[in-house]
Amino acid sequence: MPYNVKTIPTLPSEIQHCILQYLSLRQRWQVAGVCKSWRLMVFSLESNRFIVPDMLPYKYFIRRGVVKQLFLRHGGEDEANLKSAIHFIQKQELYAITRAYINTRWFTAEDFIKLANVCGQALTEITLVGLDQEDLTTVWPDIILKSCPNLTKLHFKGSLLDPGWVTGLTGFQHQALTDLLCQLDDIDFNPRAFLQTVPKLRRLCLCVENLTSTDSQVFPELIRTYCPDLKTFVLRQRPGYEIDSMDISINNENEEGDANDDRFPAVAGEKILISSNNNNNDHDNDTTKTPETISSTLIVSKQQQPQKPTKGLQHIVFHDNEFHSDVSSNILIPLILEASNNHQLVSLDLAGSGSVNDDVLARLSEVTLPSVQYLALKGTSPWDVANVDGLRSIFDYHRPSGASLPNLTHIAFRHLDAVVDMVLDDMASSCPHLQHVLFDNCQGITTTGMIQFLTRLARHLRTITIEQSGFALTPRVLHVIATTLVYLEQLTIEAFQYDFLALADVEKFLDARRRQLVEQNKKNHKMEKLYIHFVFDSSLDYPSKHDVDRFLQKLDSSAKEWQYSIAMPDEEIQLVRDCRGDEVDQKITHVEYRRNERAKRIHSKSCKE
């Protein structure tokens, strides 16, 4: 096989490590600038196993005030390298480090104190995960907060088996911390000690196995008493459930939201990104990165957002998977009732049997929340909401006080068969400002019901997402979207080939929309974003390369940004390659497509010359 330098990043990590051993640190940095795959190879765990010893010859050229970030991630056999890294930071006196990401089971309280003695005054963000949960010498929250007076963001993942950390925080208050994410594996967790310590807290995320029954009843009162400035509250109570990272941006005047989940478009304003994963594998992602699986994305426009009150919650994310749990009645309902009195809640995201059920919906329908603009409901099974009337009651506009949520602009329904045509009809009547809708695994919607819903809100809808929702996504629905929703900016569809929709039907949708724009003298008007995903069970269903190329060409002429992706069993993909000789692109974006087309034009031009 001829030598190809592009194959180096695809080699096994052991071979990559051997190759990189021949390069100096400076040469590795140069190699990392070649492309993304090379950068990942150079900065992978194995290749940087001895990064600290490699830096020693250059220690005299490293200015102490230049180093701003620290990334420590080691495997089970790298205790010695961790100690050398801490020693290197001490000897170099890297006092200007503001952000630290530490993911290693060997990190102890003694190591953190050594680190804090060097840069504790400068540290503003700390992510501490992967700790040895059975080691009583590990780092506890009291040490972190007392050693870093200017800390504003803390992500702590571990266990609080030693009750000594509560004593360490007694009488202490941290005046700078605004963002706290605690991912705890304890059977019972009492949040009182944390809340008493952080009076300036604005964003709180708790992922716990269980809240103690006593403090779950007084939790709303704890928030009002100890954290009066709290604006965002996230609670995940699921056994074995993990949050890999959370990025909650501060709503600065010049900050632009940029959500990774494009099903709800990013707009200027406060952003809440919570990425989740049910497995226990550690990820390489920094806290500033977000994995592909986004469980919850809340985005609130500053232009639409009402004037902010001085006190009270504005964003609630509540995921409780225990159906008979008392947490929803003790925490969620009181928080919603309080929000109904001061009209300040902007976004409400509920998921799981404990928080999306008939009882909670009935209580929600009893109050009026005119300030809420974002509502997300996700069930864990189709039977979480057994009563369709319970869901309809939220959008009942015949009540003397009006609908519960009259000013909604964003609605997301996931895994709820109770979303039926009558619910859509009530939504269209009670939510005249609705602009962004998402239906994921909502099998109760019919084609007629979806068409009527889209037609009634045609002039307002800007974003539509329909994924695996049966008759809610058919050729007739696509035709209505193409001919009626001329102001649509973003469309995301996911379907099974030849279930209710075929790739040829999407191509007809693109043609119909193109004709509609030509008739309205908007020939050059393109949709902002268009995402198409198809699931193929068999290679026999997969279209030919000629059909795919034609489809991609029309897709590129219809949207400024787009993505076409497929899912098909590996053995069926191999059959397409072997039998047809066609290459299967499982994912292609507008960037790759336009780059390839540009390369083809250049090559064709050079051949003619």
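Just so it is clear, the values below take in all heavy atoms, side chains as well, and ignore hydrogens, waters and symmetry mates. From a predicted model like this one, the values you see are computed outputs, not experimental measurements.
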**Message:** With side-chain contact (heavy atoms from CB on, under 4.5 Å) as the criterion, how do Ile411 and Phe395 come out once you've worked through the C-alpha distance, each side chain's angles and the decisive distance to 0.1 Å?
**Reply:** CA-CA 12 Å; Ile411 286 184; Phe395 307 105; 4.0 Å; yes
From the list Leu457, Leu391, Leu434, side-chain contact (heavy atoms from CB on, under 4.5 Å) partner of Met427 resolves to Leu434
Is the closest side-chain heavy-atom distance between Glu572 and Phe536 below 4.5 Å?
-> no
- If you measure from the Lys or Arg side-chain nitrogens to the Asp or Glu carboxylate oxygens, is any gap between Arg456 and Asp425 under 4.0 Å? yes
State yes or no: are the ring centers of Phe551 and Tyr564 separated by less than 6.0 Å? yes
Next item on the list: Scan side-chain atoms only and decide if Asp541 and Ser538 contain a donor-acceptor pair under the 3.5 Å cut-off.
Entry: no
So CZ of Phe471 and SG of Cys442: to nearest 0.5 Å the spacing works out to 15.0 Å
Heavy atoms of Val477 and Met450 approach each other most closely as CG1-CG, 3.9 Å
Would you mind reporting whether Cys607 and His603 have side-chain heavy atoms less than 4.5 Å apart? yes
Inset, instruction - Taking the side chain as every heavy atom from C-beta outward, state whether Leu501 and Pro475 have any pair of such atoms under 4.5 Å apart. - result: yes
Closest non-hydrogen atoms of Leu350 and Ser355, given as atom of the first, atom of the second and distance, are CD1-O, 3.8 Å
Surrounding NZ of Lys545 (heavy atoms of other residues, nucleotides or ligands, distance under 6.0 Å), is the total greater than 12? no
- Message: Within the 3.5 Å criterion, strictly below it, is a donor on Asp505 or His479 matched to an acceptor on the partner's side chain?
- Response: no
Heavy-atom nearest pair, Leu345 first then Ser371, reads O-OG, 2.6 Å
For Ser393 and Ser365, the nearest pair of non-hydrogen atoms, with its separation, is OG-CB, 3.3 Å
- [ ] Tell me yes or no: between the side chains of His436 and Thr463, is some donor less than 3.5 Å from an acceptor?
- [x] yes
Exercise. Kindly determine whether Leu405 and Leu348 satisfy side-chain contact (heavy atoms from CB on, under 4.5 Å), including the steps that lead there.
Key: CA-CA 11 Å; Leu405 305 164; Leu348 183 62; 5.9 Å; no
CG (Leu369) and CG (Leu408) are apart, to the nearest 0.5 Å, by 9.0 Å
inquiry  = Within the 4.5 Å heavy-atom criterion, are Glu519 and Gln516 side-chain neighbours or not?
reply    = yes
Worksheet item: Is there a side-chain contact between Leu552 and Trp562 (heavy atoms, below 4.5 Å)?
Response: yes
CG (Asp179) and NE2 (His155) are apart, to the nearest 0.5 Å, by 12.0 Å
Q | Electrostatic pair Glu597-Arg594, nearest N-O below 4.0 angstrom | A | no
*Note, Ile445 side chain near Ile466 side chain (heavy atom, < 4.5 Å)*: no
Next item on the list: Output yes when a side-chain donor or acceptor of Asn596 lies under 3.5 Å from a complementary backbone atom of Glu592, and no otherwise.
Entry: yes
CG (Leu454) and CG (Leu424) are apart, to the nearest 0.5 Å, by 8.5 Å
Requested in this report: Keeping the roles fixed (side chain from Ser558, backbone from Asp556), state whether a donor-acceptor pair exists under 3.5 Å.
Outcome: no
query: Between Thr483 and Arg515, does any side-chain donor sit less than 3.5 Å from a side-chain acceptor?
result: no
Worksheet item: Would Gln574 and Glu571 satisfy side-chain contact (heavy atoms from CB on, under 4.5 Å), going step by step from the backbone distance to the final call?
Response: CA-CA 5 Å; Gln574 193 60 42; Glu571 57 272 14; 5.6 Å; no
### Message
Can you confirm whether Asp578 is buried at CG, in the sense that more than 12 heavy atoms of other residues, nucleotides or ligands lie under 6.0 Å from that atom?
### Response
yes
- Check against side-chain contact (heavy atoms from CB on, under 4.5 Å), Leu332 and Asp320: CA-CA 10 Å; Leu332 175 61; Asp320 184 6; over 6 Å; no
Between the NE2 atom in His415 and the CD atom in Gln443, the distance rounded to the nearest 0.5 Å is 10.0 Å
- Query: Under the side chain to side chain donor-acceptor pair (under 3.5 Å) criterion, do Thr409 and His433 qualify, and how do the steps go?
  - Reply: CA-CA 6 Å; Thr409 59; His433 308 294; over 6 Å; no
dist Leu485:CG -> Arg459:CZ (nearest 0.5 Å) comes out at 11.0 Å
Original post:
Would you call Asp547 and Arg550 a salt bridge, using N to O less than 4.0 angstrom?
Top reply: yes
Heavy atoms of Arg392 and Asp426 approach each other most closely as NE-OD2, 2.7 Å
query = Under 30°, 30 to 60°, or over 60°: which ring-plane class applies to Phe413 and Phe439, parallel, tilted or perpendicular?
reply = tilted
Worksheet entry | Ser606 side chain to Ile602 backbone, donor-acceptor under 3.5 Å | yes
- [ ] Would you mind reporting whether Leu510 and Leu555 have side-chain heavy atoms less than 4.5 Å apart?
- [x] yes
Smallest heavy-atom separation, Met527 atom then Glu489 atom, equals CG-O, 3.1 Å
Residues passing the salt bridge (charged side-chain N to carboxylate O under 4.0 Å, His left out) test with Asp396, sequence neighbours excluded, are none
Side-chain contact test, heavy atoms from C-beta onward, threshold under 4.5 Å: evaluate it for Leu361 versus Leu377 and give yes or no.
yes
The single option from Lys587, His533, Gln586, Glu494 that satisfies side chain to side chain donor-acceptor pair (under 3.5 Å) with Ser565 is His533
